[in-house]
Structures are given as structure tokens and as C-alpha cells.
Amino acid sequence: MNISRHIIIITIISFLINISSGMVFGNIIPISIAVGLTGDALGFSRAIGNSVSYISKVSSAFFSDIFTNRRFFLLLGYGLSIIIKPLFILSMYDGISQYIRIILFIALNIIDKFVGAIRDIPRDALIVDLDPHNIKNNIIFRRFFAYGGITLGALLGEILFSYNFTPIQVSAIAYPFCVIGILLVYFCVPDSFSQKEKESFDINEYYDNIKSTIKNIYPIIIGITLGMISKIDEAYFWYVAAYKFNMVKNNGTLFISLYLASSITSFLLMYMNIEKYSKYFLLITFFLLILCNILMYFYISITTIFLYSIFIGTFNSLSDNTINVTILSKVKNKNIRGTIMSI
């Protein structure tokens, strides 16, 4: 597998940032209980955060094409994360009233999702821009380590909590990983557009390319859209696990099993021909989704919750990798990759 230096750097950045996120969000339920959050409030904040994240995801993707600059949105997304992480620590501080802590924690959950999505599509488009001949391996290679970083972060968080570290201490330990990640973006990641490409950008040509590309891939877009509508939000999963079955102490374990399944699935996908058999991979993906929905509707127990964590981890990896590789491999025009991915 031939992975270029710049792709390896972007992968290391994702790995480090996700270690930081996994340490905090891998134990989100114990932390939210420490803050004083109810299950409904946690579910609300995570679900709203997931919803508004698509606003930033679509906007940043569109503007990374229009302004012919992807690196800026990586810096913006990762940079704002550095600002938000210390505010999470503030929301756990006993010196302020519980009412303010709860409001701050809910707001930060939503903002963190919004901010985190800014970098997503520009980063994947940048990876393809830098090496358009090795799309599948580069995309899945990064995701393998990204999922691995979240898994490792959640495991570190579990270990620290088992030694009676407080949520504030765990968040403080997680913070340097985030800082190192943004420094690597600033000093080591190039932009993919040359000065000549920036100057020659034509808005009419841009719209024409989008129209012709959508005409060629609209069946894929419609199929993905219909399939994803039925996806159970992970916020509901954590809510059921923690507040219906009182699995607060198992939250880290569930989180680890979910993202470990994602990481293993990504590793296996590196050795499969996604481009050639994309529709079959998508069918398998949505079959898993249907199976998860049936399990959650008809029978919920501690056993099925653990099974569901593995299923949803496998689904996330299959859907993210297959959709990204399928669409990006069909978009030949560099200046519309972000926009098509956002659609």
C-alpha cells in the first residue's frame, strides 16, 4: 500500500484529534451525570448537534470549492476545537451554579458537533486532491486510524476514570493531543490548489460541472439519502443504554466496542474492491441498518445493546467508506469535489 507523506500527516492529525475526543466523548454519560444532565437533555443536545453539523459540513465543503482553499477549513475546524475543549472543562467546574453548567454543557455539545463538521468534507476532498490515483486506500487508511484514535482515547479515558480521575482532569489530559494536531495542520499540511488554479476559477464552469456530475450519479445520491433517513441516531442509543438499563459504568465499553468495530471494518475494506462492487457494499450496509432497527424495535436488552454497538460501528465504517470512495472516485473535476460530497 503506497501512502504519500502528506496523507500520512493528515492521518496522524485525525488520530491525535480523535484520541482527545474519545477521552471525553467516550465517557460522555458519566461526565454528563457529573454535570447534572438528565438523559433527555443529553439526547437532545447530541441529536441537535448532529443535525446542525450538516449545516457546517455543507457550507465548508461548498466554500472550499468556491474559494479554492481546503487547508483553511481544516485549520478553522481543528482550531475552533481547541477553543471549545477548555470550555468543556469550565462546564464541569463546581464553582459555578449547576443551572449554568447544564446550559453550558448542552450548548458546547451542539457547538462541538457544528465545529467538528467544518473540516470533514474539505479534508477528504484534500486527500483526493493530493493523490487522485489512490482514492480508496487513502480514504480508508485515514478512517482506520481515525476510528482507532477514538477507540484508544475512550480506552485511556476508561483507565483514568477507573483510577478516580475527575472529568476535569481527564479533559485536561486530552487537550494536548488536540493542540499537537492543529500545529501539524498549520506547519505540515499544504493546500491542494495552486495559485494558477485559484486565479483561473470560473463560476459558470463550476455550476456546469456540478450539473453534469449529478446527472451521472443521481441514482447513488437518491439511494444513499433514502437509506440514511432510517438510521437511528447514536444519541438515542446512548440514551437507551444509560437511562433504560442503567449502563452508566458500561458506557466506555460500549463506545470502545462501537469504534473498534468501525476500525476493524475499515482495515478489512482496505483489501476489498469497493469501487467495482460499491452497490453490493451499500446493500450490505443498509441490510445491517435494517437489522439494527428491528433489534431496537422488537427486543432491547443488555445483550442486544452490546450487539447493536458492534452493528452500528460496522455500519458507520461501511457507509462512510463506501459512500466517500464511491462518490469521490466518480468526481473527476477537482473544483467540485467538496460540493458533490456535501450534496
Side-chain angles (χ1 to χ4, degrees), residues 12-39 41-46 48-50 53 76-119 146-185 234-235 238-239 241-242 247-256 258-259:
I12 292 170
I13 292 164
S14 292
F15 182 72
L16 292 172
I17 297 286
N18 284 3
I19 288 176
S20 178
S21 297
M23 289 177 73
V24 176
F25 294 111
N27 295 277
I28 190 72
I29 290 175
I31 291 173
S32 64
I33 288 173
V35 171
L37 216 61
T38 65
L42 174 63
F44 172 80
S45 65
R46 298 302 285 175
I48 294 297
N50 285 342
S53 70
L76 183 64
Y78 287 127
L80 289 174
S81 294
I82 286 185
I83 298 171
I84 288 172
K85 286 287 193 297
L87 295 177
F88 267 108
I89 298 175
L90 179 63
S91 71
M92 304 170 205
Y93 180 57
D94 291 331
I96 58 178
S97 72
Q98 187 179 30
Y99 180 72
I100 294 174
R101 280 191 295 157
I102 289 172
I103 292 175
L104 184 60
F105 192 80
I106 290 174
L108 288 172
N109 262 285
I110 295 171
I111 294 168
D112 182 73
K113 282 285 188 181
F114 182 86
V115 164
I118 290 173
R119 65 192 182 237
Y147 290 134
I150 296 178
T151 307
L152 179 59
L155 182 60
L156 289 173
E158 279 277 275
I159 293 169
L160 291 172
F161 277 115
S162 71
Y163 282 97
N164 298 317
F165 278 70
T166 66
I168 290 178
Q169 289 171 327
V170 171
S171 297
I173 293 169
Y175 189 63
F177 291 102
C178 203
V179 174
I180 295 170
I182 187 64
L183 288 174
L184 284 173
V185 175
E234 284 175 42
W238 301 124
Y239 171 79
M247 296 174 72
V248 173
K249 291 183 179 178
N250 303 110
N251 177 73
T253 306
L254 287 172
F255 197 91
I256 290 166
L258 190 155
Y259 282 100

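Computed from heavy atoms alone, side chains included, the values below leave out hydrogens, waters and symmetry copies.
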**Prompt:** Is any side-chain heavy atom of E158 closer than 4.5 Å to a side-chain heavy atom of I256?
**Reply:** yes
**Asked** Any idea which heavy atoms bring P176 and A172 closest together, and the distance?
**Response** CD-O, 3.2 Å
**Request:** Taking the side chain as every heavy atom from C-beta outward, state whether L155 and T151 have any pair of such atoms under 4.5 Å apart.
**Result:** no
**I19 and F15, any side-chain heavy atoms less than 4.5 Å apart** = yes
**Message:** Under a 3.5 Å distance rule, please check whether S20 uses its side chain to pair with a backbone N or O of A174 as donor and acceptor.
**Reply:** yes
**Prompt:** With no hydrogens and no angle check, is any side-chain donor or acceptor of S21 less than 3.5 Å from a backbone partner on N18?
**Reply:** no
**Message:** For G77 versus R119, what's the shortest heavy-atom pair and its separation?
**Reply:** O-NH1, 3.8 Å
**Message:** Would you say that F165 contacts I159 through its side chain, given a criterion of any heavy-atom pair below 4.5 Å between the two side chains?
**Reply:** no
**Message:** Quick check: closest heavy atoms across I82 and V179, and the distance to 0.1 Å?
**Reply:** CD1-CA, 3.8 Å
**Request:** Give a yes or no on whether the ring-centroid distance for Y259 and F255 is below 6.0 angstrom.
**Result:** yes
**Prompt:** Looking only at heavy atoms, which two atoms of V170 and M23 are closest? And how far apart?
**Reply:** CG1-O, 3.7 Å
**Request:** Please confirm whether the backbone N or O of F105 pairs with a side-chain atom of N109, one donor and one acceptor, at under 3.5 Å?
**Result:** yes
